Each structure stands twice: as C-alpha cells, then as structure tokens.
Amino acid sequence: MDQGARSGVRPRWVWSDTAAWLPQLLAAGVRVMRCHDLRLSHAILQRSILVPDRRALAAAIQWEAESVVPAIATAPTLFDAETVSGGSRSVPHDLDPALEEFERQQTALAAAKDPGKLRFLLAAESAGALAAAEMEAAGVPWDAAEHDRLLEEELGPRPARGEKPSRMLAVAEEVRAALGDPRASLDSAPKLLRALRAAGIDVKSTSRWELAEHEHPAIAPLLHYKKLSRLHTANGWAWIDEWVREGRYRPVYVPGGVVTGRWASSGGGALQLPRQLRPALRADPGWTLVTADVAQLEPRVLAAMSGDRAMAAAGAAKDLYAGVVDSGAVQSRDEAKIAVLGAMYGATTGDSGRLVPRLRRSYPAAMALVDHAAALGEQGGVVSTRLGRSSPEPDNAWRELQARASMPGATSRDEDQARRAAREFGRFTRNFVVQGTAAEWALSWIAELRLQLAKFEPAGVPAPASGPVFERAPHLVFFLHDEIIVHTPQECATEVAAAVEAAAVTAGRRLFGSAPVDFPLDLKIAERSVKD
DNA sequence: TCTATAGGCGCG
DNA sequence: AAAGCGCGCCTATAGA
C-alpha cells in the first residue's frame with residue numbers, strides 16, 4: 001500500500017497477478033481503482049535497458065510465468081492463496097514472495113535511468129490489466145439474434161450440426177461447374193490448387209490475392225465461397241453457441257501478451273471480430289455505445305516521439321495521409337498510406353519500398369528514428385519504447401547464424417541467410433518502437449478513461465439485476481489496439497464522449513508533453529438500441 | 001489416434 | 001500475391 005491510502009485516495013493494491021485476483025473481487029462487489037501487477041511489471045523491468053542491473057530480477061524466474069488463469073466460473077475461493085493459481089504455470093500468489101518481488105522491483109526502479117517513465121509504464125500496464133479483467137467480467141453486449149440474422153443473410157438458414165450452409169453448397173457448385181470438375185475439393189488447399197491448375201488457372205497458391213489476379217469464371221464464385229467459409233467457420237453459429245451467453249460475448253484478453261506491449265487474446269477471437277459483425281454489438285435497452293478510434297495512431301506516435309515537426313504538421317488536420325499528400329511527398333492518399341506503413345514496417349520492394357525514400361526527404365527526423373531502430377536490430381541490439389519497454393534480444397539461432405557468416409569458411413549461402421535474418425530482426429525492432437509506443441499511448445488512454453468513467457454516478461439508471469458494481473455506470477466493454485467501446489446509459493452518452501476525448505488528450509500529454517501532435521478521435525454515439 | 005504445422009484469412 | 005510489422009483461429013494434412 002502506498003501513499004494513496006494515507007492521503008485518503010484509494011490505495012494502489014500490489015498483487016501477484018490481476019487476472020488471478022480481480023474476477024473474485026469484482027464478483028464480491030469490490031471495485032479496485034489502482035494496482036501494481038507484479039507479474040506484468042516483472043516482465044517489463046526484467047527486460048528494460050533503463051534498468052542498469054537486472055540480475056536480481058532475472059534470477060527470480062518464478063515471476064517469468066505466463067499466468068494461466070482459471071475461468072471465472074471455476075475460480076477458487078477468495079484469499080485461498082494455495083489454490084488461486086490456475087494452470088500449470090503461474091506466478092507465486094503467497095504474500096512473502098510477493099513482498100520480496102515488490103522489493104526487487106522498487107530497487108530496480110530506484111536505480112533506473114528514467115524512473116518516472118518506467119513508473120508510469122508500470123502503472124499503465126497494471127491499469128490495463130484491471131481494464132481487461134473488468135471488460136471480461138462485463139462482457140460485450142451482443143445481440144445474438146442480429147448476429148443470426150446477418151449469418152442467414154449471407155449463408156442461408158442455419159444448417160444442422162456439421163452440415164454446410166445451403167448458400168455455401170450452392171456457391172461451391174458454381175465453382176465446380178466453372179472449373180468443369182464436379183468433384184473438386186474447395187476446402188483443401190493442395191487439392192484446390194490441383195483443380196485450379198487442371199482448369200488452366202496457373203497459380204502457386206490458393207490465396208485470395210493471387211486468385212484475384214486471374215480472369216476465369218471460377219474465380220468470382222471461389223472468392224465468394226472462401227468468404228462464406230471463413231464467416232461460417234470462424235464466426236458462425238458455432239461461435240455464437242460457444243461465446244455468447246445471456247446477451248454477452250466474453251472475450252479473453254491477455255494484457256502484455258505481445259512483446260511490444262500490445263494485448264493478445266486467447267479464445268473467442270476478440271482481436272479478430274470481423275467488421276461485418278459489428279452491428280451485432282448492441283447496447284442494452286436504455287443504454288448506448290460510445291465508440292472511438294484514433295485515426296493513424298502509429299504515424300502520429302512516430303511524429304511525436306521523433307519530434308518530427310513536418311510529420312506532426314501533416315497530422316494537424318484529421319487525416320494524416322492527406323497531410324502527407326499536401327506536403328508534396330507523394331501524389332495520392334493511397335500512396336501516402338502505403339509509404340507511411342512501409343516506413344514503419346521496413347518495406348524495401350514493391351510500391352511501398354519505392355515510395356519510402358520520398359518520405360525520408362520530407363520527414364527526416366521520423367525516418368531517422370525508425371532507421372536507427374532497424375540498424376540496431378540488424379546488429380542484434382535492443383531498442384526501447386518511449387516509456388522504456390525494451391525489445392527482446394535475438395535468440396541463439398540468430399546469433400549462430402551471424403557468427404557463422406563472419407567466419408573464414410562462410411559460404412555465400414551462410415551470408416545470405418545471415419543477412420536475411422539480420423534484416424528481418426531489423427524490421428522487427430524498427431516496428432517495435434512505433435507499435436510499442438502506440439500501445440503505451442493506448443494503455444494511457446484506457447487507464448485514464450476508466451478512472452474518469454468511475455466518477456459517473458449510477459443514480460436513476462436501469463441497473464443490471466446483478467454483477468459487478470461498475471456495470472451500473474458507463475464502462476469499457478471493448479478495446480482493440482487503437483479503439484475502444486464504452487457501454488453507457490443513454491443520458492450519460494454525451495458526457496462519456498467528452499471523457500473519452502479528454503482521456504486521449506491526457507494520454508498524449510503524459511507520453512509526449514507539449515509535443516505538437518494531435519491524436520484526433522473518430523468518435524460516435526450509437527444512434528439507437530433496436531430493442532428499445 | 002493424437003499432436004504439430006502450414007495455409008489461409010480475420011483484426012490492428 | 002504478398003510486399004512490409006504484430007497477433008489468433010480454423011481446417012486439412014503430415015508426422016509421431
């Protein structure tokens with residue numbers, strides 16, 4: 001417990017693993033506003049090059065565990081530390097090891113190069129873990145009937161278990177007819193490839209992009225079939241049965257699941273919900289949804305962290321890509337997008353690779369930052385985000401490859417492989433600084449937002465009959481890298497929208513101070529709830 | 001029979 | 001037919 005408790009503010013709880021503790025607290029009606037997640041913090045500090053001596057942290061290998069948390073329904077009794085741990089690998093949940101680890105982390109922070117940044121990062125990471133657990137508890141308001149309607153519109157009536165939808169079968173017949181092969185298999189890539197070749201379509205793979213290049217009557221229905229097949233298998237009726245209960249879709253978020261600091265997900269495909277199905281995401285009666293996403297978050301982050309005034313100026317209007325066109329670097333918005341993405345991903349060939357050098361002239365500071373990050377990676381070095389999350393070092397296989405290529409007897413194949421691997425790792429570190437800092441911006445955004453949302457009074461609201469207290473007030477229900485959705489009583493929607501905006505401004509300030517970079521939101525309040 | 005991998009595609 | 005980053009999930013197929 002820190003200063004917060006003494007000053008009358010709510011305490012910052014220090015605990016082993018938010019995902020293991022919070023669900024039970026929420027179920028018991030306890031709201032936790034701030035915490036220090038030892039597992040997530042360990043992962044950051046143990047790797048951060050801002051921490052000069054990481055030996056003690058590295059030695060505490062029990063804190064390396066990627067926690068595997070039991071489902072809420074099977075969660076053990078609160079404070080039963082022996083059994084709180086979930087799957088096979090979880091961090092220690094007892095008090096003593098937690099205190100020892102907290103001590104190690106405080107020591108590391110005290111010696112860190114830029115402790116303020118790291119402290120903020122740990123707070124944001126921990127707040128993200130709280131937000132994730134709260135979102136899992138709340139669930140995404142999901143209209144299964146609307147989802148079903150969308151499926152029927154595309155696929156035809158719901159088929160029997162294990163059967164393919166009628167529309168898929170019909171389209172498959174069209175493909176077979178066009179191929180002149182009544183027995184062609186469309187679900188097996190190798191078989192489909194053979195069937196396509198037999199019909200005179202010369203492709204190396206069956207991917208959508210390559211197929212689209214060819215003119216043949218079978219192509220259009222085949223692409224349609226693939227589309228339907230994807231919808232049916234990934235987000236069809238089986239998905240509804242498995243993931244939607246009582247009007248809620250409950251995804252499983254994994255905060256810190258990506259080395260860059262982005263969240264991952266496990267189960268339910270929360271990070272891959274097709275846009276096609278977003279209409280099924282629908283507020284409860286009397287409630288509405290406030291949705292917001294940041295236009296071109298990553299290039300704006302790059303402009304801010306590199307202090308590139310020209311790129312910041314390009315993003316001054318809402319559309320950064322339009323700003324890049326106006327600067328004269330490229331001709332069209334499409335080119336601007338391809339060039340900017342290519343710059344951040346390390347494109348070297350094709351349209352993208354051709355356009356990137358133009359950016360180097362117009363935005364030298366921004367390009368220097370990513371080029372430097374790439375150069376470090378190619379040498380096997382480590383790079384860091386704005387707040388001090390550092391990239392992993394290359395593995396032993398990578399080092400051996402580089403070593404072999406510089407030995408006297410190295411073949412040109414050795415050299416090729418080593419160069420390829422070096423470039424690949426350079427692209428990773430190039431992107432790491434941008435993607436990772438963008439993730440920090442987004443974490444700061446939701447961390448600030450959930451504090452603001454907690455201030456909304458639940459009075460006069462048609463409250464849910466049961467469930468965590470925060471569900472009676474506006475609350476986050478969805479987060480995906482650069483976008484959020486808040487479920488809110490209708491009468492609060494305007495204020496919530498303002499809070500979302502304000503939190504974005506705060507996030508920008510916290511990360512980049514007074515840098516002249518805007519993070520404009522595409523912000524919407526859903527017009528209606530069909531159930532009303 | 002079970003598990004691991006690759007191909008493909010959804011998201012940012 | 002991805003180029004050019006980061007993910008997860010599904011299916012078919014190869015391998016143990």
Side-chain angles (χ1 to χ4, degrees), chain A residues 162 164 185-194 201-214 219 222-223 225-236 238-239 242-243 251-278 293-299 301-302 337-356 359 370 373-374 377 383 385 389 391-392 420 423-439 441-442 478-484 522:
Chain A
K164 283 180 184 166
S185 163
L186 308 189
D187 298 318
S188 159
K191 288 179 186 166
L192 176 58
L193 192 60
R194 280 197 290 277
I201 306 170
D202 183 28
V203 284
K204 291 195 198 60
S205 78
T206 64
S207 74
R208 188 157 47 88
W209 289 107
E210 190 175 359
L211 290 170
E213 298 285 298
H214 289 79
I219 300 295
L222 178 53
L223 294 178
Y225 179 86
K226 282 168 163 277
K227 194 98 186 153
L228 297 182
S229 173
R230 168 81 193 187
L231 178 63
H232 175 59
T233 57
N235 295 99
W239 183 92
E242 187 173 359
W243 294 101
V252 179
Y253 291 109
V254 185
V258 181
V259 283
T260 59
R262 274 188 175 185
W263 292 7
S265 73
S266 128
L271 275 47
Q272 313 145 247
L273 270 187
R275 292 233 153 240
Q276 192 182 6
L277 292 181
R278 293 290 173 91
D293 65 273
V294 196
Q296 303 114 21
L297 174 59
E298 292 192 354
V301 159
L302 174 56
K337 186 173 180 176
I338 289 170
V340 169
L341 290 176
M344 295 186 303
Y345 295 164
T348 54
T349 63
D351 288 347
S352 190
R354 185 171 52 77
L355 291 166
V356 171
L359 294 187
V370 287
V383 297
T385 60
R389 192 191 305 260
S391 62
R420 229 194 324 276
R423 294 243 168 91
E424 191 179 326
F425 203 70
R427 287 195 301 275
F428 165 64
T429 52
R430 169 191 292 271
N431 187 247
F432 183 95
V433 294
V434 180
Q435 186 182 117
T437 304
W441 184 94
F478 192 66
F479 170 59
L480 180 53
H481 307 319
D482 62 359
E483 64 179 282
I484 53 110
D522 197 351

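Order of the sequence lines sets the chain letters (A, B, ...), proteins ahead of strands, with each chain counted from 1. Everything quoted here is computed from the prediction, not taken from an experiment. What you see below is based on every heavy atom in this structure, not just the backbone, and it leaves out hydrogens, waters and symmetry mates.
Among the heavy atoms of the strands lying under 4.0 Å from A:E483 are primed sugar atoms or P, OP1, OP2 only; no base atom is included. Residue contacts shown for A:S266 are limited to sugar-phosphate atoms, with no base heavy atom under 4.0 Å away. A:G268 comes within contact range of the sugar-phosphate backbone alone, with a heavy-atom separation under 4.0 Å but no base atom that close. The residue A:L273 sits close only to the backbone: its heavy atoms come under 4.0 Å of sugar-phosphate atoms, none of a base. Residue A:R427 is classed as a sugar-phosphate contact, given heavy-atom separations below 4.0 Å to backbone atoms only. Nucleic acid contact for A:G346: sugar-phosphate only, since backbone atoms but no base atoms lie under 4.0 Å from a heavy atom of the residue.
Considering only side-chain N and O atoms, A:T233 lies nowhere under 4.0 angstrom from the phosphate OP1 or OP2 of C:dC9. At the phosphate of B:dG8, OP1 or OP2 sits under 4.0 Å from a side-chain N or O atom of A:T206. The side chain of A:K204 contributes no N or O atom lying less than 4.0 Å from OP1 or OP2 of C:dA2. Taking side-chain N and O atoms only, A:K226 has no distance below 4.0 Å to OP1 or OP2 of B:dG10. Look at A:S188 and you'll find a side-chain N or O under 4.0 angstrom from OP1 or OP2 of C:dT13.
Checked against C:dG8, C:dG6, B:dC11, the side chain of A:L480 finds its nearest nucleotide in B:dC11. You'll find that the side chain of A:E210 is closest to C:dA1, out of C:dA1, B:dG7, C:dG8. Of the candidate nucleotides B:dG12, C:dG4, C:dT13, C:dG4 has the atom nearest to the side chain of A:T348. Side-chain proximity of A:P274 to the nucleotides B:dG10, C:dG4, C:dC7 is greatest for B:dG10. Candidate nucleotides B:dG12, C:dA1, B:dG10 were compared by shortest atom distance to the side chain of A:W209, and C:dA1 ranks first. Of the candidate nucleotides C:dG6, C:dC9, C:dC10, C:dG6 has the atom lying nearest to any side-chain atom of A:H481. Relative to the side chain of A:E213, the nucleotides C:dA1, B:dG7, C:dA12 differ in distance, and C:dA1 lies closest. Closest to the side chain of A:T349, from the set B:dG8, C:dA3, B:dG12, is C:dA3.
Rounded to a whole Å, the CG atom of A:L355 is 17 Å from the P atom of C:dA3. Atom P of nucleotide C:dT11 and atom OH of A:Y225 are separated by 11 Å, given to the nearest angstrom. Atom C1' of nucleotide C:dC10 and atom CD of A:Q272 are separated by 10 Å, given to the nearest angstrom. If you take OH of A:Y345 and C1' of C:dA3, they are 12 Å apart, rounded to a whole angstrom. Taking atom CD of A:Q296 as the reference point, atom C1' of B:dG12 lies 13 Å away to the nearest angstrom. The interatomic distance linking A:W243 (CH2) with C:dC9 (C1') rounds to 11 Å, in whole Å. As a whole-Å value, the separation of A:R389 CZ from C:dG6 C1' is 13 Å. The CG atom of A:L186 sits 14 Å away from the P atom of B:dG8 (whole-angstrom rounding).
Salt bridge A:R278/A:E483: present, at least one basic N to carboxylate O contact under 4.0 Å. Using a cutoff of 4.0 Å between basic side-chain nitrogens and carboxylate oxygens, A:K337 and A:E298 are not scored as salt-bridged. With salt bridges taken as basic N to acidic carboxylate O contacts below 4.0 Å, none links A:K226 and A:D187.
Nucleotides B:dG7 and C:dA1, compared at atom P, are 12 Å apart to the nearest Å. A distance of about 23 Å separates the P atoms of C:dG4 and C:dG8, rounded to the whole Å. Separation of the P atoms belonging to B:dA6 and C:dA2 is 16 Å when rounded to the nearest angstrom.
A pairwise comparison of heavy atoms in A:W243 and A:G268 identifies CZ2-N, 2.9 Å as the closest pair. Contact detail for A:L193 and A:V203: the closest heavy-atom pair is CD1-O, 3.6 Å. Of all heavy-atom pairs between A:S391 and A:F428, the closest is CB-CE2, 4.3 Å.
In terms of polar N and O atoms assigned as donor or acceptor, the side chain of A:R208 never comes within less than 3.5 Å of the base of B:dC9 in a complementary pairing. The base of B:dG10 lies outside donor-acceptor range of the side chain of A:R275, with no N or O pair under 3.5 Å.
A heavy-atom distance below 4.5 Å is found between the side chains of A:L271 and A:H481.
Each of A:S205 and A:P190 was matched to the nucleotide of DNA chain C holding its nearest heavy atom; the match closer to the 5' end belongs to A:S205. Nearer to the 5' terminus of DNA chain C, by closest-nucleotide assignment, is the contact made by A:S207 (compared with the other of A:S207 and A:E298).
Nucleotide C:dA16 has B:dT1 as its partner under the Watson-Crick or G-U criteria, with both atom distances under 3.5 Å.
By the 30° and 60° cut-offs, the orientation of the rings of A:Y253 relative to A:F478 is tilted.
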